Amino acid sequence: MSKKQKTFRPKARVPKGLQDERATDVVQQRQMLDAIRHVFDLYGFEALQTSALEYADALGKFLPDADRPNEGVFSFQDDDDQWLSLRYDLTAPLARFVAQNYDALPKPFRRYQEGPVWRNEKPGPGRFRQFTQFDADTVGAAGMTADAEMCSLMSDIMENLGIAREDYEVRVNNRKILDGVLETIGLDLSDEAGQGQRLTVLRAIDKLDRLGIEGVTLLLGKGRKDESGDFTKGAELSEDQIAGVVAFLEVKGTSRSAICDALAPVVGDSQTGLEGVAELREIDELLTAVGYGDDRVVFDPGIVRGLEYYTGPVWEIELTFETTNEEGQQVRFGSVGSGGRYDGLVERFKGVKVPATGCSIGVSRLFAALRALGRLDDTEGYGPVVVLVMDRDDIKSYQAMVQELRAAGIRSEMYLGESGMRAQVKYADKRRAPLVVIQGEDERAAGEVTLKDMVLGTEMSKTIDDNKEWREEQPAQISVSRSDLVSGVQSILGRYNLGSGK
RNA sequence: GCCGCCUUAGCUCAGUUGGUUAGAGCGCUAGAUUGUGGAUCUAGAGGUCCCCUGUUCAAUUCAGGGAGGCGGUACCA
């Protein structure tokens, strides 16, 4: 074994669970965010950006401890030894912001915010350590009108993105009903053991989608062993108690009001439970009054969402269609957004109860879904017009062309590399340039420029397989007088709805 | 965290019953084409065969340990 002296070369790779995005994705995603923002804006929410870093104690329960400072969140210590964390959602920073600026803010305070958040956990398919959320929240409004508005808001966003009414559903439940059911089956929520049991039950219910009623039943009782042989401990409920929860989960109805009717007996005389049902009834009435029927917003006892802070209504936007992925498997996108009422979050800072409700859109997953639906505009992926450099001694004339094109608002560039013509056309192809401007000796002598339509050329190449023919025909090229450069380019761009590049 | 599978070229993967020059397809670069992206043909570049230790005359191949990836599961604000 001979040891060669080698210079250190870092391996170029993106950190695990993170990703780079190329132009097409960036532009298409921006377009999608604009469509979402439009609806938030229309509803009257105001824009807010908060810092990506927060003091760890402001983020709440995920305080870094000495052994594992990065469990769940990414954290580090500042110069003054205080712990800083990258935000893991946009709600906790909102609570901090509201508490900090409470007196100056209009109340209710309604804001939307979009941006990356980070979670330090194992990445999986469709799960990353950095992802984008787009949230809207109303802080300081206790009534169900704010909650009902969240439901119609989410529905409007889906439809503004071009998702058909039968392809999505806003599903609503109420935490108070869940607690009412637990109370009715005799779970004691006053001590710590009872609270632990409550969380286990909620977690079990949350898995209804994936495991079905049988799986959930196991998790409510002794526990469940999965295919990999791992055992999950259950909530240790009695047979009767399990039956009570199952009865609740099996509540169905043909309309929101019918579901409310069916839910009432399940919560018995639990005060909390009855309150929850009454809240759902109110949401139903408010939504019905403005025309949001059961085809858009439904009530679903299986919805649980986050365990810690929701205190009332909770909801989820579910995509209900299926597609096939690259591997040919059936895929459901499932939940692309969620939210609910959290009346306790600001209280952590202020000591006073500040009611709040909101929703959060999972941008990456929604983006993947829109791609699967073919709802993304792929003309957005086109590159600039490329002016080839045929004669290096005459760079100035090519600069002048680009200058004219840009002055006319056309996205364009002069080739800045060192290679020959063939490589330049290949470059333009790779950039997805819609067209190429060519002026060599011949054109200059004639006072013309050649415009090569790259999109049409690609199309024509499909029916030409002889290279001689391909080259001699010079497919999809026209010559125009040098003085008609701009109008000639505009007319070709017009074929692909690229307008003047605006 | 737990269970299982995997790791050879930029990508997808073959292969070496342990032996000297480790392969394919795709991609990339260039030529055929004196001024043209596709197709075709030709050539070229590109590898610590994941890492460490051990066994051996010899390890990409065998053994042990580690790391990374994938899938499931748990947690998930």
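Note that the coordinates shown come from a computational prediction; the quantities given were computed from them, not determined experimentally. Letters go in sequence order (proteins before strands), and every chain restarts at 1.
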Mark yes or no for a side-chain to base donor-acceptor pair under 3.5 Å between [X] and [N], with no hydrogen or angle criteria applied.
X	N	answer
Arg203(A)	C76(B)	no
Asp465(A)	G38(B)	no
Lys122(A)	G69(B)	no
Glu443(A)	G35(B)	yes
Gln477(A)	U36(B)	yes

Name the closest nucleotide to the [X] side chain, picking from [options].
X	options	answer
Lys207(A)	G35(B), G38(B), A74(B)	A74(B)
Met390(A)	A77(B), G35(B), U29(B)	G35(B)
Arg422(A)	G35(B), G69(B), G38(B)	G38(B)
Thr232(A)	G38(B), U73(B), G37(B)	U73(B)
Arg210(A)	C76(B), U29(B), U73(B)	U73(B)
Ala423(A)	G69(B), A30(B), U29(B)	A30(B)

Could you tell me the separation between the [atom1] atom of [X] and the [atom2] atom of [N], rounded to a whole number of Å?
X	N	atom1	atom2	result
Leu456(A)	U36(B)	CG	P	19 Å
Lys16(A)	G69(B)	NZ	C1'	10 Å
Trp118(A)	A77(B)	CH2	C1'	16 Å
Leu202(A)	C76(B)	CG	C1'	14 Å
Glu121(A)	G72(B)	CD	P	15 Å
Lys426(A)	G27(B)	NZ	C1'	11 Å
Lys452(A)	G38(B)	NZ	P	10 Å
Leu218(A)	U73(B)	CG	P	15 Å

Between [Y] and [X], is the closest basic N to carboxylate O distance under 4.0 Å?
X	Y	value
Asp25(A)	Arg371(A)	yes
Asp179(A)	Arg198(A)	yes
Glu413(A)	Arg431(A)	yes

Exercise. Can you list the stems that include RNA chain B, where a stem is three or more consecutive Watson-Crick or G-U pairs with distances under 3.5 Å?
Worked result: B:1-7 with B:67-73, B:10-13 with B:23-26, B:28-32 with B:40-44, B:50-54 with B:62-66
For this session: Side-chain contact test, heavy atoms from C-beta onward, threshold under 4.5 Å: evaluate it for Leu153(A) versus Phe40(A) and give yes or no.
Result: yes
Exercise. Do the side chains of Val449(A) and Arg482(A) get nearer than 4.5 Å, heavy atoms only?
Worked result: yes
Between [M] and [N], how far apart are the [atom1] atoms? Round to whole Å, please.
N	M	atom1	value
A9(B)	G4(B)	P	27 Å
C41(B)	A22(B)	P	27 Å
G23(B)	G68(B)	C1'	25 Å
U73(B)	G15(B)	C1'	35 Å
C52(B)	A14(B)	P	24 Å
U7(B)	U12(B)	P	12 Å
C6(B)	G64(B)	P	14 Å
C26(B)	A45(B)	C1'	16 Å

For this session: Answer yes or no for this row: Tyr88(A) ring on A77(B) base, centroids under 5.5 Å, planes under 30°.
Result: yes
Exercise. Is a side-chain N or O of Glu347(A) found less than 3.5 angstrom from the main chain of Val354(A), in a donor-acceptor match?
Worked result: no
For this session: Please state whether the rings of Phe134(A) and Tyr112(A) are parallel, tilted or perpendicular, taking 30° and 60° as the class boundaries.
Result: tilted
Using a 4.0 Å heavy-atom cut-off, does [X] contact any base of the nucleic acid, only the sugar-phosphate backbone, or nothing at all?
X	answer
Arg127(A)	base
Ile438(A)	base
Lys468(A)	nothing
Asp89(A)	sugar-phosphate

For this session: May I have all residue pairs that pass salt bridge (charged side-chain N to carboxylate O under 4.0 Å, His left out) and include part of residues 385-396 of chain A, sequence neighbours excluded?
Result: Asp391(A)-Arg444(A), Asp394(A)-Arg444(A)
Problem set entry | OP1 or OP2 of U40(B) under 4.0 Å from side-chain N/O of Trp470(A) | no
Problem set entry | Presence of Arg119(A) side-chain N/O under 4.0 Å of A77(B) phosphate oxygens OP1/OP2 | no
Exercise. Between Val73(A) and Ser85(A), which heavy-atom pair has the shortest distance, and what is it?
Worked result: CG2-OG, 4.0 Å
Problem set entry | Nearest non-hydrogen partners of Phe131(A) and Gln133(A), listed with the distance | CE1-NE2, 3.7 Å
Exercise. How do Ser419(A) and Gly440(A) order along RNA chain B: which one's closest nucleotide is nearer the 5' end?
Worked result: Ser419(A)
Exercise. RNA chain B: Thr458(A) or Pro123(A), which has the more 5' nearest nucleotide?
Worked result: Thr458(A)
